[in-house]
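Residue numbers begin at 1 in each chain, while the letters A, B, ... track the order of the sequences.
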Amino acid sequence: MPLLKTPCSFRAVYVQLETQKDRGVNRVKLCVNSVTDWVADTGKMWRDAEQALTLMWLLSGISYGMCHSPPGRPRLTTCRSPEKETFTCWWEPGSTGGLPTSYHLYYRKESSLEVFECPDYHKAGNNSCYFDKRHTSIWIMYNITVVASNALGKAYSESVEIDVMDIVRPHPPENVSVTFMQTTNSPYFLVRWRPPRNTDTRSGWVTIKYEVRTKIEMSRKEEDSNWESYSAGKQLEFSIYSPQPGTNYAVQVRCKLDQGLWSEWSPSAFIQIPDNMSDTQNVVMITAVTLTVVIFLLTAGVLTVKMKPVKHFLLPPVPEPKISGLDTQLLKSGKSEEIFSALITPGYPQIAQSPDRQVECLVISDCDEEMDFDDKAHLENQKIENCLIDNAQKVSQNSIQITLNNSQDLNTTLSTVSNQLSATSSVLAEPQQLLHLYCNGSRVKAQDQNTQISYESECENVNINPAGLTGYVEVDKEKQDQKPLVGEDYSMVSDIISGNILVLQDSIPAQGHKEVKCDKTSEAEESGGVFEPLGYLETLTTFSSGS
Amino acid sequence: MNRVKVLQAWLCCLSLWPCWLSHGVPLDCKDEVGSLSHCASISQEKLLDRVIQHAELIYRVSEESCTLFEEMFVPYPLHALRNQGGNMCHTKPFPIPGSKSEIQQISDKWLLHSVLMLVQSWMEPLIYLQTTLNRYDDAPDALLNKTKWVSDKLLSLEQGVVVLIRKMLDEGILTSPSIFEHTLNPYNEQSPEVLESVLRDYNLLICFKKDAHKMETFLKLLKCRQSNKLSCLSY
């Protein structure tokens, strides 16, 4: 190739190799000075350019092959202390510069200027420096620098200041094992491990803390389930309860010293949870549920069928105040007749005492003197009716008519009647039915008009159940000697006052009416509050004797 | 009547006599580290546990304060450069052991005294730190609260250590840190440059963190020694 012959030549050709700060990227800068006058035809120019380029390429090739350069700067990557007693630092080398390069680590302690070199380059592998116990001080700043040197020069890394306290990161725990413990009610699996090697966790130099995490290994799904973490404190075992049956678990443990960094996770330990554990539980559950359902259905059936008796059995009805004979259902139905008929029942004793009591006018007539007394009986009836009407506001048919047909001793009759009446003394306030007592022959018949219930008995034992008896009649036997009332001529009775007093019309027309009030009260007092009919009788008798 | 009254008063006083006795000698001790009264009932072990809890807590809070301060005020590139400014942690009157082997050679007595000295040396600087942090424009409340809290806890820690010394070593200690007054001077200067003062405060926080860790470690080693001497020295 002929040499370049140009009218002008290159003033200078600058080739610069510039090493950028981003470590050894070689840039070739070609700086070409301009030529003052370069006029050429295209062909010639091209040929010249070609030649120039080839020359330059040759030059750079040669320099590259022949030139060595100082090494690039190394860089400290990490330092780590696994147990707070020793530590290791690693670095990353820069470019070698083509020559064999050696690396040295130098350090200075906090307060002194004395420089030391790394005690052990090999224990921790390539590009590392291991500081053993003798060379490690805690709570002191180390100023560490790595120097790369080759024949052409040295390169210093950036200095790093570390305190061992801050770079503590332990090894992972060892011998992680998992066993499945099947107790009857609460199955669990037990994770056990050993502390990381060479770590002094017993003297109190460091406080260790563990963490366990588990994951269900699912082969069918693509997506993995998440890890679940548990904090385990200082202990060397951990129990995880209620694992899912039939699954495969992976377990990992890691640890931390003081407030330092967490170690890496230990390699996984696997465990398969058996399936049969669930079956027994399921069988028990199913039988229990079925039994409960069956019992429930039975109970429901029984209840629906026998609602009321069961209800009465379980919740006995509270006894309400009830009037026997008074049926609330009848009241609701609203039939008054039935109500009242239902009220009248045998053995119904209750007759309320009313303040404005009705005086029962007891009329006893002798049957032998029936002929004479027929009109008297009528009169008596009438009088009784009047008497009663005057007495009470209510229409009452309270009368008991006892007609004796035979000539029995009135005394005994009266006494028995009175005995019976007193025995059954009760007063009703309501208007009652008329009970007629007939003593035909030796029988006394009482007949209830409405209900047609008849009571038959001997004359001697007259059972009177008067519905309308307001009181009892005491017949004083002494007074029997006197002329009984029945002998009295009732035609003389003109008026009855307040039910107790009979106003008798004097047979002597000249006398006219006599009122008979005052004595009655005195008589009543004398007899000690004996019931009015007695007084009434006495009054009558006295007056009958008087008049 | 007067006689009766006098008799009653005398009987009253007599019945209250046991109360006076108990007032003089506290029968039920409060189980506290900070209590200075001579409590016969609290065990040394429990006291030591309490002191260790205090120290652990102080260390943790100091670490948090450091991180907070770093995030807020220290520019990122300077995170790694901690002692670049030439500021170092203040020196102690007597050297503190720096490695495990050294510490294992120290007696119990020196361990306790080292802890006490550390605690006492930080009383004043923490107070200074509180005042200086208040001057920052946007110091987070958490940081201010933490430094205040640590300052208080340090006082109770000191009291606990004093009681421990008295119990374990049968020594009486004065709690006045008179030897540390000269260390106040460097902190009273206020540097006009913001970055410098920031770095100085940062350095202070880091130093405190370190010393807190020292205290915690010493106390834990001491505890191990108290419980079982053989296994502690085996390593």
Side-chain angles (χ1 to χ4, degrees), chain A residues 75-79 81-87 89 107-113 119 131-145 157-168 195 197-209 233-234 256-261, chain B residues 48 52 55-57 59-64 66-67 77-84 86-92 95-104 111 118 203 206-207 209-235:
Chain A
R75 193 178 69 99
L76 275 165
T77 50
T78 54
C79 290
S81 168
E83 77 288 83
K84 216 166 85 174
E85 295 172 48
T86 66
F87 71 104
C89 283
Y107 68 92
R108 250 188 337 112
K109 286 199 180 177
E110 184 177 277
S111 42
S112 72
L113 290 167
F131 292 80
D132 61 354
K133 285 187 194 180
R134 287 186 299 119
H135 294 96
T136 309
S137 303
I138 325 283
W139 307 303
I140 290 174
M141 282 299 199
Y142 281 76
N143 191 323
I144 299 175
T145 319
S157 71
E158 281 187 22
S159 288
V160 161
E161 298 235 350
I162 56 155
D163 187 337
V164 176
M165 178 182 97
D166 297 325
I167 57 167
V168 176
R197 65 191 135 88
N198 299 333
T199 312
D200 172 24
T201 52
R202 290 182 305 151
S203 73
W205 178 243
V206 282
T207 318
I208 194 163
K209 229 170 21 173
K234 282 190 289 192
K256 180 168 93 162
L257 296 179
D258 290 344
Q259 300 294 321
L261 304 163
Chain B
L48 188 55
I52 288 174
E56 273 180 334
L57 213 51
Y59 170 65
R60 210 180 313 155
V61 171
S62 70
E63 196 178 27
E64 287 167 12
C66 227
T67 324
L78 299 177
H79 275 190
L81 312 172
R82 287 177 181 178
N83 279 336
Q84 286 281 317
N87 291 325
M88 285 187 296
C89 299
H90 52 270
T91 53
K92 314 294 183 291
I96 304 278
S99 72
K100 187 184 167 196
S101 43
E102 282 177 42
I103 293 170
Q104 278 177 337
L111 269 181
L118 278 169
N203 190 50
I206 287 173
C207 288
K209 182 176 92 168
K210 234 181 273 200
D211 284 349
H213 193 238
K214 276 186 214 175
M215 289 182 236
E216 186 192 334
T217 312
F218 288 1
L219 287 167
K220 281 184 181 169
L221 280 170
L222 186 69
K223 179 180 163 83
C224 184
R225 284 192 203 179
Q226 292 292 309
S227 50
N228 45 353
K229 297 223 169 186
L230 289 174
S231 72
C232 286
L233 299 173
S234 62
Y235 256 80

### Query
Heavy-atom distance under 4.5 Å between the side chains of A:Asp166 and A:Glu161, does that happen here?
no
Any side-chain heavy-atom pair of A:Lys209 and A:Thr207 under 4.5 Å: no
So, the part of B:Leu222 with a heavy atom under 4.5 Å from chain A: the answer is neither
Cut-off 4.5 Å, heavy atoms of chain A, and the answer for B:Lys223 is neither
task: Examine the side chains of A:Thr145 and A:Ser159 and answer whether a donor and an acceptor come within less than 3.5 Å of each other.
output: yes
Checked B:Ile96, B:Thr217, B:Asp211 vs chain A; the most non-hydrogen pairs under 4.5 Å come from B:Thr217
Report the C-alpha distance between B:Ser101 and A:Lys133 in whole Å, list the side-chain angles of each, state the deciding distance to 0.1 Å, and finish with yes or no for side chain to side chain donor-acceptor pair (under 3.5 Å). CA-CA 8 Å; B:Ser101 43; A:Lys133 285 187 194 180; over 6 Å; no
